[in-house]
Amino acid sequence: MLELSRIREEKDAIAEGLKTRNLDVKNQLEEVIALDEKRRDTQQQMEKDLAELNTLAKSIGGLFQQGKVEEANVLKAKTGTLKEQSSQLKTVLQETEDAINKILFTIPNVPNPIVPKGNSDQDNEIIFENGQLPQLHAKALPHWDLIKQYDLVDFELGVKITGAGFPVYKGKGARLQRALINFFLDEAINAGYEEVIPPLLVNADSGFGTGQLPDKDGQMYHDAQDNLYLIPTAEVPITNIYRDVILNESQFPIKNVGYTPCFRREAGSWGSDVRGLNRLHQFDKVEIVQVVHPDKSYDTLDQMVAHVKNLLEKLELPYRVAKLCGGDLGFTSALTFDMEVFSAAQEKWLEVSSISNFETFQANRLKLRYKSEGNKPQLAHTLNGSALALPRILASILENNQTETGINVPKVLVPYTGFDTI
RNA sequence: AGAGAGGUGGCCGAGUGGCUUAAGGCGCACGCUUGGAAAGCGUGUAUACAGCAAUGUAUCGAGGGUUCGAAUCCCUUCCUCUCUACCA
């Protein structure tokens, strides 16, 4: 959520910036500013009444203690209208604040100036591409055939137990999956991230804090009985560790890594590109999260991109880095880099990581601030990225490393799997 | 899940309707003192919103209510602890 003070000060710049998302928010911003003026007027009037009431109450207290009941009753009579007036103003104030928030909830983050204009992922800017695309042998198969042939993942079994999109990993498939999780965690820990194992269900406050609510309500599994949401990403519980927190500047940078399963309803997004492991309702992901000083957040973003690049290099996967255009940028993000691996048999680039700087957009909702010597608390910057999402990595490893006799396990994973071929 | 006890500042802890502007202590910061330190003494020590400022308003888990006045009384709700039940 954008800060009200920022809207007051840089209305035109914000409106200009959001054009990159193909949005025209000029009218909404004007409305917010008008409502904000009303809010301040109302607050001033209300507080004047309350101050007067407080003074009267003290006088009445004093008079009662001196036994001057008559005089006290005279003052008492004066409180009635003030009370009524102030409570009416309180209602108006509340309604005005609600109206402001209702608009603010619909306005996404302002893109960084380097974000390209564009409508869809077609317009994302490829800023880096490594290595050669692998040449597969003539009988090479897509991963959904490979996992059947080698009995690595069973979708039908998942359908029986749960439903579509909930696969069962088996044997070497399960071990490769676990190897990847441990590899990713170890790499992050070596890079200075502290590991956390967060809850997989979160309350509505947490959903609001990171911005999944209210706009992505339908994308999360919801337990109505206890009003809890299954996490769509570890970003939600990990970032919410810092909700309502005032950090000391010396605590920066905060670096957390967590492995969790992720749950997504993916309502309305089922189509031809969702075969096999490409899109699931439940999948595993290792997530890195940082909370940093505002001056450092773009350096941090670069570091996080470098970290994920390094993972892909070590796994010997062909990949590229895309800078998301305004039309593809997530609601809460100011700048996002997507990492895509090439899945050779599908001949497709698959998104395996999305690394974003949210600047103060999440911190404002989270009330996540830091304090520096002699200054008032300021909003911190939050960032996160997948490092990495598992199923598509698995898919591309299987496809890219297949030979006519089997599938080679990337060298860095062998100590984790205990086998080098499938 | 049932019964009981609780939730007060960074922490501990007093406070059952009005000199509470939340006592007292600990911690922390600064100053005095000292050869240096400790002790001692003094001063300070939350957040948000409004205001140029002085200052005002709100916040004692959260939300309502009673009252001229609520940390204190009432209702709702969340959480913690103890015991019982259940359970990995």
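In what follows, chains are A, B, ... by sequence order, proteins preceding strands, each numbered from 1. Basis for what follows: all heavy atoms, side chains included, without hydrogens, waters or symmetry-related copies.
Across all strands shown, L50(A) has heavy atoms under 4.0 Å from sugar-phosphate atoms exclusively, and none from any base. Contacts of K371(A) with the nucleic acid, taken as non-hydrogen atoms under 4.0 Å apart, involve only primed sugar atoms and P, OP1 or OP2. Residue I246(A) is in sugar-phosphate contact alone, with no base atom involved, counting any heavy-atom pair closer than 4.0 Å across all strands shown. Residue Q43(A) is in base contact, counting any heavy-atom pair closer than 4.0 Å across all strands shown.
For the pair D244(A) CG and U47(B) P, the interatomic distance rounds to 14 Å; values are reported in whole Å. To the nearest angstrom, P of U77(B) lies 15 Å from CG of N227(A). Look at CD on Q378(A): it is 14 Å from C1' on U47(B), rounded to the nearest Å. Between E84(A) atom CD and U67(B) atom C1' there is a gap of 16 Å when expressed in whole angstrom units. Atom-to-atom, CG of L35(A) to P of A50(B) comes out at 14 Å; the value is rounded to the nearest Å. Atom C1' of nucleotide A58(B) and atom NZ of K90(A) are separated by 9 Å, given to the nearest angstrom. Put simply, CG on L63(A) is 14 Å from P on C19(B), counting in whole angstrom units. Nucleotide C68(B) holds its C1' atom 6 Å from the NZ atom of K76(A), rounded to whole Å.
Here G51(B) is the nucleotide among G51(B), G69(B), A48(B) with the atom lying nearest to any side-chain atom of Q44(A). The side chain of A51(A) approaches G56(B) more closely than any other nucleotide in the set G56(B), G18(B), A48(B).
Of the side-chain N and O atoms in K48(A), none sit less than 4.0 angstrom from OP1 or OP2 of A50(B). The phosphate of U57(B) has OP1 or OP2 within less than 4.0 Å of a side-chain N or O from N54(A). For C49(B), neither phosphate oxygen OP1 nor OP2 lies less than 4.0 angstrom from any side-chain nitrogen or oxygen of R40(A). Within the structure, a side-chain polar atom (N or O) of R369(A) is placed less than 4.0 Å from OP1 or OP2 of A48(B). Note on R39(A): every side-chain N or O is 4.0 Å or more away from OP1 and OP2 of C49(B).
Salt bridge status for K78(A) with E52(A): absent, with no side-chain N to carboxylate O gap under 4.0 Å. Taking a cutoff of 4.0 Å between a charged side-chain nitrogen and a carboxylate oxygen, D36(A) and R8(A) qualify as a salt bridge. In this structure, E340(A) does not pair ionically with K348(A), as no charged nitrogen and carboxylate oxygen lie closer than 4.0 Å. A salt bridge links K411(A) with E316(A): the closest approach of a Lys/Arg side-chain nitrogen to an acidic carboxylate oxygen falls below 4.0 angstrom. Salt bridge R6(A)/E9(A): absent, no basic N to carboxylate O contact under 4.0 Å.
Sequence order on RNA chain B of the closest nucleotides to P377(A) and E47(A) puts P377(A) first from the 5' end. Summary of the strand contacts: G62(A) and L53(A) both lie near RNA chain B, and taking for each the nucleotide with the nearest heavy atom, the more 5' one is attributed to G62(A).
Spacing between G31(B) and G36(B) at atom P, rounded to whole Å, works out to 14 Å. With P as the reference atom, G2(B) and A85(B) are 16 Å apart, rounded to whole Å. One C1' atom belongs to A46(B), the other to A39(B), and the distance between them is 30 Å to the nearest Å. A distance of about 28 Å separates the C1' atoms of G63(B) and C12(B), rounded to the whole Å. Straight-line distance between the P atoms of G44(B) and A22(B): roughly 14 Å, to the nearest whole Å. The separation of G7(B) from A71(B), taken at their P atoms, amounts to 15 Å, rounded to a whole angstrom. Separation of the P atoms belonging to G10(B) and U67(B) is 34 Å when rounded to the nearest angstrom. Comparing the same atom, C1', in A14(B) and in C26(B) gives a spacing of 15 Å after rounding to whole Å.
Look at G24(B): its Watson-Crick or wobble partner, with both distances under 3.5 angstrom, is C12(B). Under the Watson-Crick or G-U wobble criterion, with both distances below 3.5 Å, C81(B) is paired with G4(B). As the counterpart of G35(B), no nucleotide is assigned, since no Watson-Crick or G-U wobble pattern has both distances under 3.5 Å. The base-pairing partner of C19(B), taking Watson-Crick or G-U wobble contacts with both distances under 3.5 Å, does not exist among the strands shown. Pair check for U76(B) finds A62(B); Watson-Crick or G-U wobble, both atom distances under 3.5 Å. Shown here, U67(B) forms no base pair; nothing in the strands shown gives a Watson-Crick or G-U wobble contact with both key distances under 3.5 Å. Figure legend. A48(B) is base-paired to U57(B); pairs are counted as Watson-Crick or G-U wobble with both atom distances under 3.5 Å. The partner of G42(B) is C30(B), judged by Watson-Crick or G-U wobble contacts that both fall below 3.5 Å.
Minimum interatomic distance between L200(A) and P261(A) (heavy atoms only, all atoms of both residues): CD2-CD, 3.9 Å.
Relative to the six-membered ring of F419(A), K172(A) meets both conditions, a distance below 6.0 Å and an angle of at most 45° to the axis.
Checked by atom type and distance alone, the side chain of Q251(A) pairs as donor or acceptor with a backbone atom of N248(A) at under 3.5 Å.
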